[in-house]
Amino acid sequence: MDATQTVPVVTIDGPSGSGKGTVSREVARRVGWHLLDSGALYRLVALSGRLHGLAPDDTAGHAALARAMDVEFGTDAGGAERIRLGGADVTADVRSEATGQGASRVAAWAPVREALVERQRAFARPPGLVADGRDMGTVIFPAARLKIYLTATAEERALRRHKQLKEKGSGANLAALSREIAERDQRDSTRAVAPLKPAHDARIVDSTGMSIAQVVEAVLAAGRAQGLWS
Ligand code: C5P
């Protein structure tokens, strides 16, 4: 039996700006489980491709980087997220909107997705894993003990992303952001491989009008009801 069957996994999938990143991080912290931010891996593939000067349509080259890239997730002394690629701090680049768009393009390619499967499953380590993404419940961890599909209206998601980018000090235009989110939703949900959709056994949580704290409490309550934590 591999670790994905013995270690309990909670999956939190959903579209961009649904709040799943913040919610997943907070749930993992509260229960003391590991966190997989799978979107960051797709972002790192796009960024590595750019740093290696790959042509934007070089599928095999990006898949090779997805397999080989040396990635480290951590936090700095103040507890802020730090992502390293080949030892260099690339956190700001990884989180930029441009890298998000690049990620959504490379994520549509089957060889890139395939190259990341084992890397993602390796995050399932005791005492448990909270996995955040688009296909965590459908493809990567189909046997997860609890699957959440977190959504919100497109308007609310654009507003949240806008606020988040502003807080990080990067300028962002709300109208452009709404357009980019709509484009990304369209590409993520219509691609042939692992399209964004709820697993058949996922609980759908519409977070429109809910605070992050309320969503976190809802996920914690669902996990408690499943006996995953006390
Ligand atoms: O969640 P985040 O915005 O970081 O994801 C960036 C892009 O990576 C998404 O738009 C999506 O195309 C892709 N992705 C994916 N499968 C995942 C996580 C992210 O296809 N499990």
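Indexing begins at 1, ligand by ligand and atom by atom, following the structure's order.
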Identify which of Gly133, Pro15, Ala103 has a heavy atom lying nearest to atom 7 (C) of ligand 1.
Ala103
Check: Lys197 and Ser189 side chains under 4.5 Å, non-hydrogen atoms:
no
Ranked by distance from atom 16 (N) of ligand 1, the top protein heavy atom is Arg113 NH2, 3.0 Å
Just distances here: any N/O of Arg191 and N/O of ligand 1 closer than 3.5 Å?
yes
So is Gln120 polar-close to ligand 1, meaning N/O to N/O under 3.5 Å?
no
Atom CG of Asp93 and atom CD1 of Ile83: how far apart are they, to the nearest 0.5 Å?
10.5 Å
So for Arg105, does at least one of its heavy atoms come nearer than 4.0 angstrom to any atom of ligand 1?
no
Using a 4.0 Å heavy-atom threshold (strictly under), name the region of Glu180 that reaches ligand 1: side chain, backbone, both or neither.
neither
Closest to atom 13 (C) of ligand 1 among protein heavy atoms sits Ala107 CB, 3.6 Å
Around atom 4 (O) of ligand 1, find the nearest protein heavy atom and jot down its residue, atom name and distance.
Arg43 NE, 2.6 Å
If the contact criterion is a heavy-atom separation under 4.0 Å, does Arg187 count as touching ligand 1?
no
Write out the residue and atom name of the closest protein heavy atom to atom 18 (C) of ligand 1, then the distance separating them to 0.1 Å.
Ser38 OG, 3.4 Å
Determine, using heavy atoms of Gln101 and all atoms of ligand 1, whether some pair is separated by less than 4.0 Å.
no
Mind checking whether Glu97 contacts ligand 1 via backbone (N, CA, C, O), side chain (CB onward), both or neither, at a 4.0 Å heavy-atom cut-off?
neither
Cut-off 3.5 Å, side chains only: do Arg187 and Ser104 have a donor facing an acceptor?
yes
Among all protein heavy atoms in this structure, tell me which lies nearest to atom 1 (O) of ligand 1, with the distance rounded to 0.1 Å.
Arg134 NH1, 2.9 Å
Using the rule given for side chain to side chain donor-acceptor pair (under 3.5 Å), can you reason through Arg160 versus Ser207, listing the C-alpha separation, both sets of side-chain angles and the distance that settles it, and then say yes or no?
CA-CA 12 Å; Arg160 287 179 187 169; Ser207 69; 3.1 Å; yes
Return the closest protein heavy atom for atom 6 (C) of ligand 1 as residue, atom name and distance.
Arg184 NH1, 3.6 Å
Would Asp132 count as being in polar contact with ligand 1, using the rule that some N or O on each side must be under 3.5 angstrom apart?
no
Judged by modelled atom types alone, do Arg82 and Thr91 share a side-chain donor-acceptor pair under 3.5 Å?
yes
Any side-chain donor near an acceptor of the partner, Arg113 and Tyr42, under 3.5 Å:
yes
Mind checking whether Arg95 has an N or O less than 3.5 Å away from an N or O of ligand 1?
no
The one among Thr99, Asp135, Asp188 that brings a heavy atom closest to atom 21 (N) of ligand 1:
Asp135
Tell me whether Tyr42 has any N or O atom under 3.5 angstrom from an N or O of ligand 1.
no
Side chain, backbone, both or neither: the part of Ser104 lying under 4.0 Å from ligand 1 by heavy atom:
both
